[in-house]
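Report on one structure; see the data block that follows.
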Amino acid sequence: LFTLQDLEGEVYSLEELRGQPVVINFWATWCQPCIAEHPVLVAASRRYEGRVKFLGVIYNDEPELIQRLVRQMGAWGPSLIDEDVSVAIAYGVYGAPETFFIDAGGTIVDKVTGPVSPQYLVNLLESLLSS
Amino acid sequence: MRKINRRLLLCVLLLTSGGAMNAIAQQSSLGVEGEALIGEPEGRPLTGEELDRVTNEVSSLMRCPVCQGLSVADSPTPSAVAMKEEVRQFLAAGYTDTQILTYFEQAYGEFIRLAPKAKGFNLLVWILPIAALLAGLAVVMRRVRRPGSSDAQGDAPRAAESELEVYLEQVRREVSS
């Protein structure tokens with residue numbers, strides 16, 4: 001469970017998202033695999049808009065740098081500020097990027113360390129939506 | 001402190017609204033196993049120098065997740081610094097070292113412990129080195145005590161003396177001739 005603010009100050013609570021699959025991605029601008037993965041997440045967030053919630057959690061990075069990159073490359077979801085890294089620690093994050101897949105019931109069903117491939121992402125989300 | 005207070009408030013709300021099992025189920029089903037699983041603080045809140053000292057002690061038991069072979073106490077990385085700060089907050093709130101290690105273990109698994117727990121299969125890690133040392137000592141003692149043992153250390157001086165004797169004999173012959 002966590003409650004975090006995004007770059008615009010909007011508050012997101014994981015508990016409130018129960019009922020739909022959620023993708024949580026820990027990322028940073030200093031992380032090249034995160035940059036490589038970004039277009040994949042942008043495309044997936046558009047494809048599954050309204051059916052799957054995508055949340056980005058900023059991992060050891062400056063919100064301003066995230067904001068600049070999102071302006072350049074597009075957004076795939078709110079970028080949440082985890083200022084004290086407590087959410088990353090609670091999720092047992094080792095580095096960026098790490099992506100957690102949570103089903104509609106609120107259970108973490110999968111975790112991908114490193115950039116997630118488009119095919120893997122689609123397969124997993126389809127399976128989450130059909131179950 | 002603010003964060004832990006918020007977490008405690010959340011636990012209290014969950015406990016009062018649905019019972020302990022509901023709270024644990026709700027927390028664990030979401031994948032983040034927080035204070036609901038380590039319960040209420042079982043120690044006393046620490047402050048001042050004692051807080052600094054115990055923070056360092058507990059952090060030194062934890063492996064930095066983004067380093068190689070460094071403890072959280074020794075690592076300067078932002079993640080380790082954040083973890084150390086969480087340890088400090090837990091101790092200031094009265095959680096014990098066991099509760100704190102359990103909390104981090106729920107997120108990172110046993111990897112987070114620099115020294116594995118001495119139970120089950122892990123016992124081998126503790127027992128094998130001692131067993132190997134004792135076995136080695138037993139072998140050495142047996143060889144040392146065996147009468148007329150012909151170990152390499154005993155043979156080496158005798159071989160050297162024999163070579164020297166041959167050399168000396170040759171010298172004597174050449175001098176006398």
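What you see is a predicted model, and the numbers here were worked out from it, not measured in a lab. Throughout, protein chains are lettered first and strands after them, A, B, ... in sequence-line order, and every chain is numbered starting at 1.
Dense packing is recorded around CZ of B/R172, with more than 12 heavy atoms of other residues, nucleotides or ligands lying under 6.0 Å away. In this structure, A/R51 places its CZ atom where more than 12 heavy-atom neighbours from other residues, nucleotides or ligands lie under 6.0 Å away. Enclosure of atom CD in A/E49 is not indicated, since only 12 or fewer non-hydrogen atoms of other residues, nucleotides or ligands lie within 6.0 angstrom.
With a 4.5 angstrom heavy-atom cutoff, A/Y59 touches chain B only via side-chain atoms.
The minimum heavy-atom distance linking A/V93 with B/Y108 is given by the pair O-OH, 2.9 Å. Shown here for A/A90 and B/A107, the closest heavy-atom pair between the two residues is O-CB, 3.5 Å.
The closest side-chain donor-acceptor pair between A/Y94 and B/S79, if any, does not fall under 3.5 angstrom.
In this structure, A/F101 is not a member of the same hydrophobic cluster as A/L17, with clusters built from ILVMFWY side-chain heavy atoms closer than 4.5 Å. A continuous path of Ile, Leu, Val, Met, Phe, Trp and Tyr side chains, each step under 4.5 Å between heavy atoms, connects A/I108 with A/L55, placing both in one hydrophobic cluster.
Side-chain contact between A/D84 and B/E85 is absent, with no heavy-atom pair separated by less than 4.5 Å.
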